[in-house]
Amino acid sequence: MKNSFDEKILDEASDWLKAKQTVILATVIQTWGSSPRPVGSHMIINDKGDFSGSVTGGCVETAVVRESLKIIKQNIPFKKIEFKVSNENAWEVGLACGGEVAIFLEHIN
Amino acid sequence: MKKKLLDAVINKKKENVAFAIITNLENGEGCIFEKGKPLDKNFIKFEKNINLYFDKKKNGIIDGTNIFVETYFLPIKVFIVGAVHIAQYLVSFANTLNFEISIIDPRGYFASEKRFPGINIINKWPKEAFEELKPDKDSALIALTHDPKIDDPALQYAIDKKFFYIGALGSKKTHENRCDRLKKSGYTDEQIKKIFGPIGIKLGGKAAPEIALSIISQLVSEVYKKT
């Protein structure tokens, strides 16, 4: 059996929009290995860099915020990003647990 | 995601129906899927696979496509019989864990809106309440009154309808007596064994929130038990 796991992040996104904030929705769309959060997990980020929810166990959230701020600034409507184990590129983050995760970032507008 | 779609999603959640959000990861377009309702024409060729994901309550990218499916199904229904002190803590745990709670208690002075703000309270006897609510087998019963005339009919109903979780508060002795009564009413040992009694996992605490935690832990572990 399964229970529905609605963490009400979308409801919160709606509240942020009502408060005239720019909102990016991050969704876990794919995982490989032992990634900490299941597919469908959400996080929202506003133009000030405030965030709510999570896409991993705190492993890549900072990078997701940074990437979100970048796409707000460049006015990119959506973007897919991936994080791997000991990712040696720009972020210096990655999943210590050995998992991989793909995240879809999209502007809500 | 368009704001219009987000608004539609928020409304769907309020309507208490199962649905899915479908997103095309290639162009960012999205729509709502609802079983048996016409699907947005841009997604029509994926309809069969979307249905498959939906039926399995599964989230993910449909193989070989750029279509992401995110399902929203209804929470498990938990019926608490007895609007007692422990129930007040159960309600707060269950909210965070996304169970849908209803409280049944014919005693109006217990089951008041004041004690349980925002909770579905039914001031009726269990049999009458269940006939009105029509729960399915994906439901749970937590019987807390340890008063046979309130708990027993609820337990009998839950056994008959094969609830996935049935628990009853009370000491070992209370539970033995309860089992004897059920036996006399014609229930088999196998049926009676389905009742968790004394309810809850062993945590050791005796305070109301601790008992509530032990009950809710047992409930969650039963939800995810491999069958």
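The figures here come from the full heavy-atom set of this structure, side chains too, leaving out hydrogens, waters and symmetry mates.
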**Prompt:** Just wondering, are more than 12 heavy atoms of other shown residues or ligands nearer than 6.0 Å to NZ in A:K8?
**Reply:** yes
**Prompt:** Which value, rounded to the nearest 0.5 Å, describes the distance between A:L10 atom CG and B:K13 atom NZ?
**Reply:** 5.5 Å
Name the atoms and distances for all side-chain donor-acceptor pairs under 3.5 Å in residues 190-203 of chain B, with sequence neighbours left out.
from, atom 1, to, atom 2, distance (Å)
B:Q191, OE1, B:T188, N, 3.0
B:Q191, OE1, B:T188, OG1, 3.4

Output a table of donor-acceptor pairs, distance under 3.5 Å, between side-chain atoms of residues 51-61 of chain B and any protein atom two or more places apart or on a different chain; print 'none' if there are none.
from, atom 1, to, atom 2, distance (Å)
B:N51, OD1, B:K35, NZ, 2.9
B:N51, ND2, B:E47, O, 3.2
B:Y53, OH, B:I61, O, 3.0
B:D55, OD1, B:K35, NZ, 2.8
B:D55, OD2, B:K35, NZ, 3.2
B:N59, OD1, B:T71, N, 2.7
B:N59, OD1, B:T71, OG1, 3.1
B:N59, ND2, A:V39, O, 3.1

**Request:** Can you tell which part of B:L74 gets under 4.5 Å to a heavy atom of chain A, answering side chain, backbone, both or neither?
**Result:** backbone
**Prompt:** With a 4.5 angstrom heavy-atom cut-off, which part of A:T31 approaches chain B: side chain, backbone, both or neither?
**Reply:** neither
**Fill in**
Residues B:F68 and A:V28: closest non-hydrogen pair is CZ-O, 3.6 Å
**Fill in**
Between the CG atom in B:L25 and the CD atom in A:Q30, the distance rounded to the nearest 0.5 Å is 9.0 Å
**Prompt:** So how far is it from A:E106 CD to B:T23 OG1, rounded to the nearest 0.5 Å?
**Reply:** 5.5 Å
**Request:** Would you mind checking which part of B:F164 comes under 4.5 Å of any heavy atom in chain A, side chain (CB onward), backbone (N, CA, C, O), both or neither?
**Result:** side chain
**Item:** Any B:E70 side-chain heavy atom under 4.5 Å of A:I29 side chain
**Value:** no
**Message:** Please classify the contact of B:E100 with chain A as side chain, backbone, both or neither, using a heavy-atom distance under 4.5 Å.
**Reply:** neither
**Message:** Quick check on B:F73 against chain A: is it the side chain, the backbone, both or neither that has a heavy atom closer than 4.5 Å?
**Reply:** both
**Item:** Which atoms of B:I76 approach chain A - backbone, side chain, both or neither, heavy atom under 4.5 Å
**Value:** both
**Fill in**
Rounding to 0.5 Å, atoms NZ (B:K4) and CD1 (A:I108) come to a distance of 15.5 Å
**Request:** Measure across A:F78 and B:E26 and return the closest heavy-atom pair with its distance rounded to 0.1 Å.
**Result:** CZ-O, 3.2 Å
**Item:** Nearest-0.5 Å distance, NE2 of residue A:H107 to NZ of residue B:K3
**Value:** 13.0 Å
**Complete:** When the 4.5 angstrom heavy-atom criterion is applied to B:V223 and chain A, the contacting part is both
**Asked** Per the side chain to side chain contact (heavy atoms under 4.5 Å, CB included) rule, which among A:L17, A:N109, A:V23 passes with B:L6?
**Response** A:L17
